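Notes to accompany the following structure.
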2 protein chains.
Amino acid sequence: MKKVGFTRSENTRRDAKLTMTEVAKHVGVSAMTVSRAFRQDASVSEETRKRIMDAVDELGYVLDQSAGSLSSRRTGFIAALVPSINNSNFSDTARGITDALENTGLQLLLGYTDYSIEKEEQLIESMLRRRPEGVILTGGSHTPRARRMLEKAGIPVVETWELPENPINYVVGFSNSEAMSLLVRELAGKGYRKFGYIGGTTARDTRGSQRRSGFAKTVEELDLGPPRMISFGVPPISMQQGGQAIVSMLERWPDTEVVLCVSDLSAFGALMECHRRGMRVPEDIAIAGFGDYEISSTCHPRITTINADCYGIGRQAAARLLDALQNGGEAGDEITLTSYKVVLREST
Amino acid sequence: MKKVGFTRSENTRRDAKLTMTEVAKHVGVSAMTVSRAFRQDASVSEETRKRIMDAVDELGYVLDQSAGSLSSRRTGFIAALVPSINNSNFSDTARGITDALENTGLQLLLGYTDYSIEKEEQLIESMLRRRPEGVILTGGSHTPRARRMLEKAGIPVVETWELPENPINYVVGFSNSEAMSLLVRELAGKGYRKFGYIGGTTARDTRGSQRRSGFAKTVEELDLGPPRMISFGVPPISMQQGGQAIVSMLERWPDTEVVLCVSDLSAFGALMECHRRGMRVPEDIAIAGFGDYEISSTCHPRITTINADCYGIGRQAAARLLDALQNGGEAGDEITLTSYKVVLREST
DNA sequence: TTTCGCAGTGTTATCGATAACAAAACCAAG
DNA sequence: CTTGGTTTTGTTATCGATAACACTGCGAAA
């Protein structure tokens, strides 16, 4: 671990430090009054506040929250961990959180776990060192140590995007398995019989696994023959890999009628690969995805998918946290089910 | 501004607070020794360190960095502002930053400006309150107040993704105008003559404006007739809007041979709209984008674009900052040119 | 006029760690 | 057995704000 940064001496040399006390002297009040002027709820006369704020502008003073949080014991941080920020589903969730936090004075600490619970554990530790007032996680699988740290931290925790068997506190999510099941039933209702599934290989992506098992279970329940499943690549699987996977699928089971993919990205890759090979979608083969990414409503043909309200998950998770914080930070255990819906489009 | 969170009394009621001093007592050493044990460079005997770390595990102690940064005057924060995290170009940059920061003990504070310099100013202020040790910005346009705050903060600032006329400190970027110019020349070399351009309407997206002016300038220089430019939608323009824009383009100038788009997303939307209308790409019309998003190498036909090394911009910006921090935080003014290249594909 | 209450402001102690310096323990060489 | 140097550990002051409480002055009610 390499450390970098200022040493104290270098830093103080830089600039006469400007503290609240300096501002106070300049205005002729006490530091406490300046501190109050920065907070809306505090009792400072309008006239004094104005004089203080004028001095703040003139001197270019910027409040130091690190110092403030030590004495107030409130850091104003919320930690959120997502598997990846390059995936638009999760960046939509992150955006939902950020939007919900706007004007609350809370600052988001965002981290990404790369779909690894070990990395998650490491991030949880480094985030907890910043003393966040609440934590938002993706998924319900964590290392035992991560779980212990979270429980001991005494702050509300929200798990999102899934319905964990044994939640820590709050949950904001939906059943990935049931969502996929719904899609299968819907397509079976349209007459499709020979179902294929494309997803990643490992268990790293728990949401992916849940979707897969929802698929397999439902195909069985509907008595549609043995499920045809291709595992290809380490999650999250790319567009490219979706394309490669559908090739394997068609080699192995050429008469497959409809292919469901773990996400729209792989569905799109599969769709484009079909085009490239001159296959017509949905006439020769139908394709569906999961997540309702922008691409699915834009490409041609438009892709059938599940819309899972990624943005709403973020907003609701943050709202749940804000709520808990206002009630004194007591960690409750409500489960908020988020909505999802099948979006039937031209690809099926 | 609504404030939420614990009051002190609620918080202390929750749990006997666990401080470094508690751990120290438990081990029979001073708090200072515990503090040292947490830092790799400090001189603590291996045996003592082990005893301390055992106690830390047993008690479940988590270091409090808010307190630490107050006394050490080093927060370990790096602030980074990007226009949007839902755009994969910028999330690649964010990822580059995060990766470069890994194992440095630094924590990223990420914010997004929504392409607004007013929002940027607001974010800069709230970030500076956290006393970051360095700042990474996207672009070179800032409000005067934002600029003043940054200059006064006395920490290194890196502007990325562009080449500002009047940089604050460091720059890590490339000329969007020249990159677009290169693309025009490259395509003119392939024989295209009637060039169109699709971009957003306002000046909010400075990189977009620079690309547009690079386009116009080059079309003129090559004597290819008046540039055909469609402005559609508020930046960042979506896939959808790219589709709508190309319709306008073809209504107004039906004989356009090649259309360059401000980003791959609008290019993709345009491409799909052409498919939908039964036009062949590139036979009937050629299309190119900017940014080399995953989609462009996957879709059919694959889209010609500019690869601008988004990830590398992030890594290099962070590296530049780390470097400055190690040299005592002196703000220099080096300009790091990042590479870009034309990627010719099937769409042109 | 006195009393009470409240808005506005000041004083003091403290949050939990770390810098800087001091001291002790240890070790090798003379 | 010293001495001097190095390693390891302890002591004290402090980082910059805020909580808690104290105080002042003023106006309304008695």
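Quantities reported herein were computed from a predicted structural model and do not represent experimental measurements. The sequence lines fix the lettering, A, B, ..., with proteins before strands; numbering per chain opens at 1.
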- [ ] Examine C:dA17: is either OP1 or OP2 under 4.0 Å from a nitrogen or oxygen in the side chain of B:Y61? Give yes or no.
- [x] yes
TODO: Figure out the CG/C1' separation between A:L63 and D:dA17, and round it to whole Å.
DONE: 8 Å
Protein-nucleic acid N or O pairs under 3.5 Å, nucleotides 6-10 of chain C:
unit_1 : atom_1 : unit_2 : atom_2 : d
C:dT9  : OP1    : A:S45  : OG     : 3.4
C:dT9  : OP1    : A:T48  : OG1    : 2.6
C:dT9  : OP2    : A:S45  : N      : 2.9
C:dT9  : OP2    : A:T48  : OG1    : 3.4
C:dG10 : OP2    : A:S30  : N      : 2.8
C:dG10 : OP2    : A:S30  : OG     : 2.9
C:dG10 : OP2    : A:T33  : OG1    : 2.6
C:dG10 : N7     : A:R36  : NH1    : 3.4
C:dG10 : O6     : A:R36  : NH2    : 2.5

Task: Check: B:T75 side chain, B:R131 main-chain N or O, donor-acceptor pair, under 3.5 Å - done: yes
Task: Integer-rounded Å distance: D:dT14 P and A:D64 CG - done: 18 Å
Task: For atom CD of B:E22 and atom C1' of C:dG16, their distance in whole Å - done: 11 Å
Task: Atom-pair distance (NZ on B:K25; P on C:dA17), nearest Å - done: 12 Å
- [ ] Measure the distance from CE on A:M20 to P on C:dC15 and round it to the nearest whole Å.
- [x] 19 Å
Task: Partner set under side chain to side chain contact (heavy atoms under 4.5 Å, CB included) for B:A146, not counting sequence neighbours - done: B:E121, B:I124, B:H142, B:T143
- [ ] Could you work out which one of D:dA17, D:dA19, C:dG16 sits closest to the side chain of A:R73?
- [x] C:dG16
TODO: Can you sort out the partners of B:E334 under salt bridge (Lys or Arg N to Asp or Glu O under 4.0 Å), two or more places apart, ordered by chain and number?
DONE: none
TODO: Counting heavy atoms from C-beta on, name the nucleotide in D:dG16, D:dA19, C:dA17 closest to the side chain of B:L70.
DONE: D:dG16
Open item on the list: With salt bridge (charged side-chain N to carboxylate O under 4.0 Å, His left out) as the rule and sequence neighbours excluded, what pairs involving residues 106-115 of chain A come up?
Closed with: A:D114-B:R95
Open item on the list: Could you tell me how far apart B:F38 (CZ) and C:dG16 (C1') are, to the nearest whole angstrom?
Closed with: 13 Å
Open item on the list: Distance check needed: D:dG16 P versus B:R74 CZ, whole Å only.
Closed with: 16 Å
Task: Any pair counted as side chain to side chain donor-acceptor pair (under 3.5 Å), so long as it reaches residues 18-32 of chain B, sequence neighbours left out - done: B:S30-B:T33
Task: Of all pairs that satisfy ring pair (Phe, Tyr, Trp, His ring centres under 6.0 Å), the ones with a partner from residues 58-80 of chain A, not counting sequence neighbours - done: A:F38-A:Y61, A:F77-B:F77
